[in-house]
Amino acid sequence: MSDIFSDLQWRGLIHQTTADDFLPKWLSEGGRTVYAGFDPTADSLHVGSLLPLMLLRRFQKAGHRPIAIVGGATGMIGDPSGKSSERNLLSTEQLEANIAGIQVQMQKLLDFDAGDQSALLVNNNDWMKEFSYTAFLRDVGKNFPVNVMLGKDSVKSRLGSDAGLSYTEFSYMLLQAYDFVHLNKQYDCELQIGGSDQWGNVTAGIDLGRRMLSKQLYGMTCPLLTKTDGTKMGKTESGAIWLSSDRTSPYAFYQYWYNVADEDAGKCLRFLTELDHAEIEALDAARSEAPQKRESQTKLAEELTRLIHGDDGLKKAQLAKEIFFGAEIANLVDQDLADIFADVPSSELPMARLSEGLPMIDAFVEAGLSKSKGDARRTIQQGGAYVNNARREDVATTLGTDDLASESMLVLRSGKKKYALLRFVG
RNA sequence: GGGGGGUUACCGAAGCGGUCAAACGGGACAGACUGUAAAUCUGUUGGCUCAGCCUUCGCAGGUUCGAAUCCUGCACCCCCCA
């Protein structure tokens, strides 16, 4: 594992570096300090941040010290890279809350208690807030030729567009560049990693290091995690896939990876898991021979869910998977059901309704699965109605307390995957 | 200002006095198939106390045994002429 550079190369994680010939040896010696930046626009990271985060983890495992920097200051400004329009600014309180949430998630992937290789989480606002505007202009801004800045892709593309670019966002590059210089002075950090869209910002930091510190710093970018169709990984129709279980349940997280397209699976395994080369190649082979077995996707989902949500989260996701795909539901406890069906709408009804016999038609309407009794009747007649995952085709069915799946809950399903929970109270 | 055309269920679009809860296409939903993929095939698609009843065809009235269909007024949209 000490030869991290060739591992990264094999995985396809190196898009560009500022020193192709130098870095392999330099990294193989261990003990370097490496940093990557994270966006604090929400109180949780999403799947898009997983790639750089895993990179830091790889570096740490290879004997280096990772620094994750959250842009408390830069988050207030907004990075124009890859953004087509000016970003909304965040309030200070919002940022602090976001950073706190992100910190919790990083602790799952990075070891913050590993002696001199301990990961660090720093907030660039801590040093930026003391910097006066004039001091910044004199010490930092002086080193930035505007013609060079104008040459950066992130700036060029925005200047050409109707959305334009504010002076604030134009200055973003200086802040990120200064981060690098600061981290070098403070922690002897010499390598910055980031997505390929960060190249301009990374090289800006390196230039600044040369001018301000007369030091040679290094940069490395990784490809962006995109699907074969060119869209971003980690987005679904219903929104982003988050690392926080409050925002994306472990089950939904598991399912996202399980449903990755065959063409994307190999890339995901390489980019995001720590499986060794032989195992990944074996999965590649299995995938092209028997794609229907979904071995790659299963492994991918397991590895990542365990990493983010722990063994416990993985177990829940797998139980949920079984249930969502056919297993009959019986003899469960409320808590388990509530966890499994966390993403499913639920409604409450008085227990009396059930004990005196609740027509199945009414149950489907109450649960919101059918928009009218006629609709419910049709669904049942067509064989699309399930109680606790058991198909019920008799329109006249009346449900009673015997039908409860747990102490107080009933699981209704319409069609293949539309679930609703009925909870009986009182 | 004058002339003509339109307004139908989720969307598009037939229907032009009874056989209209309203053709057809799309979408959506369900079933089969399948790899939790794609495609395909089948069924359903106003409500209800469901072999029966009730409410829908821009809105309000009227004619008629009977109207989405005919008449009158109103609203909105489109086109042509000024």
Side-chain angles (χ1 to χ4, degrees), chain A residues 47 226-231 233-239 241 248-269 282-305 309 313-329 340-345 353 356-399 411-420:
Chain A
V47 162
T226 51
K227 296 190 215 169
T228 315
D229 61 15
T231 57
M233 204 82 201
K235 295 259 191 260
T236 66
E237 282 168 28
S238 48
I241 300 292
T248 301
S249 71
Y251 170 70
F253 184 84
Y254 181 98
Q255 282 296 312
Y256 180 78
W257 298 110
Y258 188 83
N259 282 319
V260 162
D262 293 346
E263 310 82 68
D264 296 323
K267 190 161 136 186
C268 287
L269 286 167
L283 285 167
D284 286 345
R287 193 170 62 248
S288 58
E289 270 168 42
Q292 71 279 12
K293 286 190 178 169
R294 295 179 160 254
E295 284 179 44
S296 298
Q297 284 91 335
T298 305
K299 193 72 185 166
L300 180 65
E302 281 174 8
E303 289 292 314
L304 292 178
T305 308
H309 297 291
L314 175 60
K315 239 176 258 165
K316 274 182 191 156
Q318 284 171 327
L319 177 60
K321 178 192 172 186
E322 265 177 51
I323 286 178
F324 276 115
F325 290 93
E328 278 207 27
I329 304 166
I340 292 167
F341 291 98
D343 301 328
V344 156
R353 291 281 300 272
E356 65 204 22
L358 179 65
M360 189 166 155
I361 289 176
D362 293 344
F364 270 71
V365 174
E366 293 283 3
L369 287 176
S370 304
K371 52 180 191 235
S372 70
K373 292 188 184 181
D375 191 28
R377 195 184 312 273
R378 261 175 247 125
T379 305
I380 297 169
Q381 277 164 348
Q382 290 174 145
Y386 301 77
V387 176
N388 301 330
N389 265 352
R391 179 182 282 176
R392 299 292 196 88
E393 290 180 273
D394 182 3
V395 181
T397 303
T398 297
L399 300 173
V411 181
L412 301 179
R413 177 177 135 213
S414 160
K416 285 190 186 62
K417 39 180 89 158
K418 222 165 60 190
Y419 281 86

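Numbered from 1 within each chain, the chains take letters A, B, ... in sequence-line order.
If you measure from atom NZ of A:Lys416 to atom P of B:G31, you get 5 Å, rounded to the nearest angstrom. For the pair A:Arg294 CZ and B:A38 P, the interatomic distance rounds to 10 Å; values are reported in whole Å. Between the CD atom of A:Gln292 and the C1' atom of B:U36 there is a distance of 14 Å, rounded to whole Å. The distance between atom CZ of A:Phe324 and atom C1' of B:U36, rounded to the nearest whole Å, is 12 Å. When rounded to the nearest whole Å, the span between CG of A:Asp362 and P of B:C48 equals 10 Å.
Using a 4.0 Å heavy-atom criterion, one finds that A:Gln381 contacts no nucleic acid atom at all. Residue contacts for A:Gly383: at a heavy-atom cut-off of 4.0 Å it reaches the sugar-phosphate backbone alone, with no base atom in range. Within 4.0 Å (heavy atoms only), A:Asp262 reaches at least one base atom of the nucleic acid. Counting any heavy atom pair closer than 4.0 Å across all strands shown, A:Lys293 reaches no nucleic acid atom.
Here A:Lys373 reaches the OP1 or OP2 of B:U49: one of its side-chain N or O atoms lies under 4.0 Å away. An OP1 or OP2 oxygen of B:U49 is reached within less than 4.0 angstrom by a side-chain nitrogen or oxygen of A:Arg377. Taking only side-chain nitrogens and oxygens, A:Tyr386 comes nearer than 4.0 Å to OP1 or OP2 of B:G31. Look at A:Arg287 and you won't find any side-chain N or O under 4.0 angstrom from OP1 or OP2 of B:A37. Within the structure, a side-chain polar atom (N or O) of A:Ser372 is placed less than 4.0 Å from OP1 or OP2 of B:C48.
A cation-pi geometry, defined here as NZ or CZ lying under 6.0 Å from the six-membered ring centre and within 45° of its normal, holds between A:Lys321 and A:Tyr258.
Using the Watson-Crick or G-U wobble rule with both distances under 3.5 Å, B:A22 pairs with nothing in any strand shown. Under the Watson-Crick or G-U wobble criterion, with both distances below 3.5 Å, B:U34 has no partner in any strand shown. With a cut-off of 3.5 Å on both Watson-Crick or G-U wobble distances, the partner of B:A67 is given as none. Of all nucleotides present, only B:A28 satisfies the Watson-Crick or G-U wobble test against B:U44, with each distance under 3.5 Å. Base pairing analysis places B:G1 opposite B:C81; the two distances defining the Watson-Crick or G-U wobble pair are each below 3.5 Å. Judged by Watson-Crick or G-U wobble contacts below 3.5 Å, the nucleotide B:C74 has B:G58 as its partner. With a cut-off of 3.5 Å on both pairing distances, B:U49 has no Watson-Crick or G-U wobble partner at all. Partner assigned to B:C16 is none, using Watson-Crick or G-U wobble distances below 3.5 angstrom.
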How far apart are the C-alpha atoms of A:Arg353 and A:Glu366, what are their side-chain angles, what is the distance that settles it, and do they pass the side chain to side chain contact (heavy atoms under 4.5 Å, CB included) test? CA-CA 11 Å; A:Arg353 291 281 300 272; A:Glu366 293 283 3; 3.3 Å; yes
Pair A:Arg287-A:Ser296, side-chain hydrogen bond (donor to acceptor under 3.5 Å, both in side chains): steps then yes or no: CA-CA 7 Å; A:Arg287 193 170 62 248; A:Ser296 298; 2.9 Å; yes
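Annotation: side chain of A:Leu412 is in contact with side chain of A:Val387 (closest heavy-atom distance under 4.5 Å).
Ion pair A:Lys267/A:Asp264 not flagged as a salt bridge, since none of the NZ, NE, NH1 or NH2 atoms sits closer than 4.0 Å to an Asp/Glu carboxylate oxygen.
Nucleotides B:C24 and B:C16 place their P atoms 16 Å apart, quoted to the nearest Å.
Counting atom types as modelled, A:Gln382 pairs no side-chain N or O with a base atom of B:G31 as donor and acceptor under 3.5 Å.
Aromatic ring orientation, A:Phe341 versus A:Tyr419: tilted (interplanar angle from 30° to 60°).
When each of B:G35, B:A30, B:U36 is scored by its nearest atom to the side-chain atoms of A:Ser414, the top-ranked nucleotide is B:A30.
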